[in-house]
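For clarity, every value in this text was computed on a predicted model and none was experimentally measured.
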Amino acid sequence: MTCIKKWSLMVTMVLLFSLLLTPFSQALAQGKTAPGRQVNVKVMTYNIHTGIGTDGDYNIDRIANTIQQSGADIIGLQEVDVNWSDRSNFQNELKRLAEKLDMHYFFAPIYNRDPIQPDDPRRKFGVAILSKHPILQADNHEITRLSTQDPHPEPKPSPGFAEALINVKGAKLWFYVTHLDYRSEPIVRQMQVEDMLNVMQAHNNKILVGDMNATPKADELQPLFQRFKDTWDITQQDEGLTYPAYAPTKKIDYILTTPDMDVQSTDVIQTMASDHLPVTADVTLTRGR
């Protein structure tokens, strides 16, 4: 074989090898892991009480600082105001949080009301998702609700159950955020749990977070615990009390995962930025699952 032919063969082999490596190199550059590799993510649930702390003052920056200091990657928020009223200075709280934290976001309003002045934005209140990772798609599902805005409410399907597909370094996670009925009578929560399970059955590899307004032994929550595991019970021995923030006596805020997910640690963060304490969980996902 001549030197020219040997050189041509060598160049061809190098080019082929480079082409084979390109997808892998691009994946590494984008922060993705190889198929089957594990990915760690810190999840939070936080009822922010529209940004009003235990001192009665409105300060949405305190909420942002609490989230930032926690190191959470994906956060489910409840009681979020978007141009709602003077209690939150008619601010778009979610946009302010997302900008301060440099995160993607999705808002799922429970209520969507006309503005007070015709040229003002619509007034909205509901649940939301903040994420350091891209949100690939999202939806605002209906579950049964008993409105707090109607003078004579009856249980009926209403929006405010958030669903998002999030790409966590190549691991696809279905993330759900809810806020269940607060009344002592459990019938509406029972219907809400049934509705949520019907929505979530379409997907695997999912996490449900939220303010359930019921303690772990409540009968209406048991269907959830048959399908999901409570991350707090896996890693902690105490009760994980979250409400009220100044002297908690109840556990009503949860991070629930499907049984195949590994949970590394959990925490209740001590802060007076809201009337609830936020909960975090470090969860391991598997890319390609």
Side-chain angles (χ1 to χ4, degrees), residues 42-117 120-132 135 138 140 145 147-149 159-162 164 175 177-182 209-213 241-248 250 252-255 267-280:
K42 176 171 279 193
V43 175
M44 171 186 277
T45 184
Y46 197 5
N47 182 326
I48 66 170
H49 193 224
T50 71
I52 299 174
T54 57
D55 56 5
D57 292 339
Y58 171 72
N59 188 338
I60 197 65
D61 289 337
R62 286 192 299 194
I63 300 293
N65 291 337
T66 299
I67 295 172
Q68 189 171 50
Q69 292 168 13
S70 76
D73 302 298
I74 303 174
I75 305 96
L77 302 174
Q78 304 88 45
E79 295 194 21
V80 180
D81 279 357
V82 172
N83 314 119
W84 179 257
S85 72
D86 57 0
R87 71 184 179 192
S88 50
N89 297 333
F90 289 95
Q91 288 184 335
N92 185 333
E93 294 184 329
L94 183 58
K95 184 178 180 182
R96 187 180 180 94
L97 289 171
E99 289 175 349
K100 186 173 179 64
L101 297 167
D102 191 24
M103 288 186 174
H104 307 277
Y105 63 95
F106 172 69
F107 184 55
I110 298 172
Y111 303 122
N112 187 342
R113 301 294 183 181
D114 291 333
I116 295 176
Q117 300 296 329
D120 289 342
R122 293 187 65 81
R123 303 182 301 115
K124 301 176 183 180
F125 170 85
V127 302
I129 296 169
L130 290 167
S131 175
K132 292 180 181 178
I135 298 174
N140 183 5
R145 292 194 184 279
S147 175
T148 61
Q149 303 298 301
F161 182 40
F175 190 75
V177 184
T178 194
H179 190 185
L180 301 189
D181 191 75
Y182 69 93
V209 308
D211 176 0
M212 308 292 183
N213 272 311
L241 306 179
T242 60
Y243 182 84
Y246 59 87
K250 297 179 181 180
I252 59 176
D253 300 274
Y254 299 82
I255 299 175
D267 191 21
V268 172
I269 297 173
Q270 303 302 311
T271 172
M272 299 297 106
S274 167
D275 65 342
H276 286 244
L277 298 178
V279 183
T280 63

Checking side chain to side chain donor-acceptor pair (under 3.5 Å) for the pair Tyr182/Thr148: CA distance, chi angles, key distance, verdict? CA-CA 10 Å; Tyr182 69 93; Thr148 61; over 6 Å; no
Using a distance-only test with no angle check, is there a side-chain donor-acceptor pair under 3.5 angstrom linking Gln78 and Thr45? yes
Residues Ala128 and Val177: closest non-hydrogen pair is O-CG2, 3.9 Å
Under the ring-ring contact (aromatic ring centres under 6.0 Å, His included) test, which residues partner Phe175, sequence neighbours left out? none
Partners passing side chain to side chain contact (heavy atoms under 4.5 Å, CB included) against Gln69 (at least two apart in sequence or in another chain): Asn65
side-chain hydrogen bond (donor to acceptor under 3.5 Å, both in side chains) filter on Gln91, not counting sequence neighbours, yields Tyr58
Assess whether a salt bridge exists between Asp73 and Lys42, defined as any Lys/Arg side-chain N lying under 4.0 Å from an Asp/Glu carboxylate O. no
Parallel, tilted or perpendicular for His276 and Tyr243, by the 30°/60° rule? tilted
Would you please name every residue forming a salt bridge (charged side-chain N to carboxylate O under 4.0 Å, His left out) with Asp120, sequence neighbours left out? none
For Ser70 and Tyr46, test the side chains for any donor-to-acceptor distance below 3.5 angstrom and give the result as yes or no. no
I want to check something: taking the side chain as every heavy atom from C-beta on, are Met44 and Ile269 in contact at a cut-off of under 4.5 Å? yes
Non-neighbouring partners of Asp181 that pass side-chain hydrogen bond (donor to acceptor under 3.5 Å, both in side chains), sequence neighbours left out: Arg183
Check: Asn83/Arg123 side-chain N/O donor and acceptor closer than 3.5 Å: no
Please name all residues satisfying side chain to side chain contact (heavy atoms under 4.5 Å, CB included) with Pro244, sequence neighbours left out, ordered by chain then number. Tyr246, Thr249
Who are the side-chain hydrogen bond (donor to acceptor under 3.5 Å, both in side chains) partners of Asn89, not counting sequence neighbours? none
Side chains of residues 98-110: which donor-acceptor partners sit under 3.5 Å, not counting sequence neighbours?
none

Sequence neighbours left out, what passes ring-ring contact (aromatic ring centres under 6.0 Å, His included) with His179? Give chain and number order. none
Does the side chain of Leu97 reach to within under 4.5 Å of the side chain of Ile63, using non-hydrogen atoms? yes
Applying salt bridge (charged side-chain N to carboxylate O under 4.0 Å, His left out) to Arg96 and not counting sequence neighbours gives Asp61
So which heavy atom on Arg62 is nearest to which on Ala273, and how close? CB-CB, 3.9 Å
Of all residues at least two apart in sequence or in a different chain, which pass the side-chain hydrogen bond (donor to acceptor under 3.5 Å, both in side chains) check with Arg87? Asp81
One should read off an interatomic distance between Glu79 CD and Ile52 CD1, to the nearest 0.5 angstrom, of 9.0 Å
Heavy-atom pair of closest approach, residues Asn47 and Ser274: O-OG, 2.6 Å
Has Lys250 got more than 12 heavy atoms of other residues, nucleotides or ligands less than 6.0 Å from its NZ? no
Those residues that, when tested against Asp267, pass salt bridge (charged side-chain N to carboxylate O under 4.0 Å, His left out) (two or more places apart): none
